[in-house]
**Student:** 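Below is a structure I'd like to ask you about.
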Amino acid sequence: MVYFGNIKPIKGKVHIEKNRCKGCAFCVEYCPKDVLEMSEEFNVKGYHPPFVKDEDACVYCQLCESICPEFAIFVTIKEEEEEGEKGESRP
Amino acid sequence: MTKEDRLEAKNPSEKFLRMDRIPHIWCPGCGIGTVVTSFNEALKKSKIDLDDVVVVSGIGCTGRVAGYVKLDSFHSTHGRAIPFATGLKLANPNLNVVVFSGDGDIFGIGGNHFIHAARRNMDITVICVNNFNYAMTGGQVAATTPIGANASTAPYGNFEFSFSLPYLAEAAGATYVARWTALHLRRVTKSIQEALAKPGFSLIEVITPCVTLYARRNRLGDGLNLLKYYYDKSVIEHGADTRTLDISYQGKLVVGKFIDKEKPTFLHAMNEHMTKILGDKFVKYGE
Ligand code: SF4
Ligand code: SF4
Ligand code: SF4
């Protein structure tokens, strides 16, 4: 990937509280990077929660977190351990 | 934050919610939860002391919000959220009082309270989730149902003229009026922030999918279809003339911030007036 100067895109780590999800697919539809996909699996209430299909693509835009009507999904900043970086600050 | 903390990290919304009551009762695909997230975000961003924020709701699907937010809150009787909020604000003017309720509650059952609180420029923020029908009681025609839409009390379609909420609010005297759809996440948050900071009566109308009743009766698909539909049909026109904001069935939705003006609040007007009449004998209240 080509970066401009030292600016690197922030990576997000997606957390899904499967049993709170009601399978509305809002997050899957509106994730700009197609990180998420609905799964075939059932949660305890019988809904299909989403799963993380391509976490590397997540840019920590937090849209999934804002759109979820069930408070069931959120993202944190992913630490890039292999390069020993903090990864906490946003440009 | 250490790595361990992050793994155990909680959804940031949890801080603002009574988690023992979650999952909430709203249907899968209902947009009310999304509006609550936008509200939580606005609370976080505006950095106000949560002890000074009160949420009042009436009856209805959106009326449940008062029970889910981890703030001082009150779930009032049908239509009476605004008078309760008025009482709170006058008893303790330091509070930031928010009315979070639905269109049926605020504009149908409690319509009269709305116009009078706006007329007096009571310093409260009204967040009205508009789903175009009385959802909790079974999808009856509301004061906001567009002409032609099907409802349980209008099986051949509605023929009653409906309220345009921003027009009504402006005419009654509100000092801040905005309308968005639930999918305008960041804009809803920003409007709520502005309204919280605004001294005076504010209305934020959020057009939100009701999947179980409105969408099903009108065969409009699921929550996602409706969310997308409302967003695609919306045109942002800040400062638009509120006379032009009628909503037709499945037609264009003009959204934006329409009114943001300065006017003395109820308490300010009272203090000014009484000081003018009584002079130093009058002790100003709440300022
Ligand atoms: S943070 Fe943005 S990119 Fe990452 S999963 Fe959520 S919506 Fe997709
Ligand atoms: S938006 Fe929330 S409730 Fe809907 S599918 Fe995604 S995680 Fe589940
Ligand atoms: S009835 Fe409609 S408004 Fe009420 S929770 Fe269900 S989808 Fe939402």
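Chain letters run A, B, ... following the sequence lines, proteins first and then strands; every chain starts at 1. What you are looking at is a predicted structure, and each value in this text was computed from that prediction instead of being measured.
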**Student:** Of the backbone (N, CA, C, O) and the side chain (C-beta and beyond), which part of B/L17 lies under 4.5 Å from a heavy atom of chain A, both, or neither?
**Tutor:**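 The answer is the side chain of B/L17.
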**Student:** In Å and rounded to the nearest 0.5 Å, what is the CZ to CD distance from B/R186 to A/Q62?
**Tutor:**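 Between atom CZ of B/R186 and atom CD of A/Q62 there are 6.5 Å.
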**Student:** Does A/K18 have more than 12 heavy atoms from other residues, nucleotides or ligands lying within 6.0 Å of its NZ?
**Tutor:**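 Not buried by this count: 12 neighbours or fewer within 6.0 Å.
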**Student:** If you measure from CD on B/E14 to CZ on A/R20, what distance do you get to the nearest 0.5 Å?
**Tutor:**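 It is 4.5 Å, given to the nearest 0.5 Å.
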**Student:** Judged by atom type as modelled, is there a donor-acceptor pair below 3.5 Å linking the side chain of B/N11 to the main-chain atoms of A/F74?
**Tutor:**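 Judged by distance alone, no pair lies under 3.5 Å.
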**Student:** Heavy-atom distance under 4.5 Å to chain A: side chain of B/L224, backbone, both or neither?
**Tutor:**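 Contact with chain A is through both the backbone and side chain of B/L224.
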**Student:** Using a 4.5 Å heavy-atom cutoff, which residues in residues 20-28 of chain B come close to chain A?
**Tutor:**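 The stretch touches chain A at B/I22, B/P23, B/H24, B/I25, B/W26, B/C27, B/P28.
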**Student:** Checking A/I73 against chain B: side chain, backbone, both or neither under 4.5 Å from a heavy atom?
**Tutor:**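 Backbone only.
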**Student:** Other residues, nucleotides and ligands only: do more than 12 of their heavy atoms fall within 6.0 Å of NZ on A/K33?
**Tutor:**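 Atom NZ in A/K33 is not crowded, with 12 or fewer foreign heavy atoms closer than 6.0 Å.
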**Student:** Given the options B/P12, B/A182, B/C30, which has more heavy-atom pairs under 4.5 Å with chain A than any of the others?
**Tutor:**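 It is B/P12.
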**Student:** Give a yes or no on whether B/Y249 atom OH has more than 12 heavy-atom contacts from other residues, nucleotides or ligands under 6.0 Å away.
**Tutor:**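 Counting neighbours around OH of B/Y249, more than 12 heavy atoms of other residues, nucleotides or ligands fall under 6.0 Å, so yes.
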**Student:** Are A/F26 and B/L183 side-chain neighbours, meaning at least one heavy-atom pair lies under 4.5 Å?
**Tutor:**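 Not touching, per the 4.5 Å side-chain cut-off.
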**Student:** Which atoms of A/E70 come close to chain B, meaning under 4.5 Å heavy atom to heavy atom: side chain ones, backbone ones, both, or neither?
**Tutor:**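 For A/E70, the contact with chain B is made by backbone and side chain together.
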**Student:** With sequence neighbours excluded, what pairs up with A/K53 under the side-chain hydrogen bond (donor to acceptor under 3.5 Å, both in side chains) test?
**Tutor:**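 A/K53 satisfies side-chain hydrogen bond (donor to acceptor under 3.5 Å, both in side chains) with A/E37 once adjacent residues are dropped.
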**Student:** Where do A/I67 and B/L227 come nearest, in terms of heavy atoms and distance?
**Tutor:**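 Closest approach of A/I67 to B/L227, heavy atoms only: CD1-CD2, 4.2 Å.
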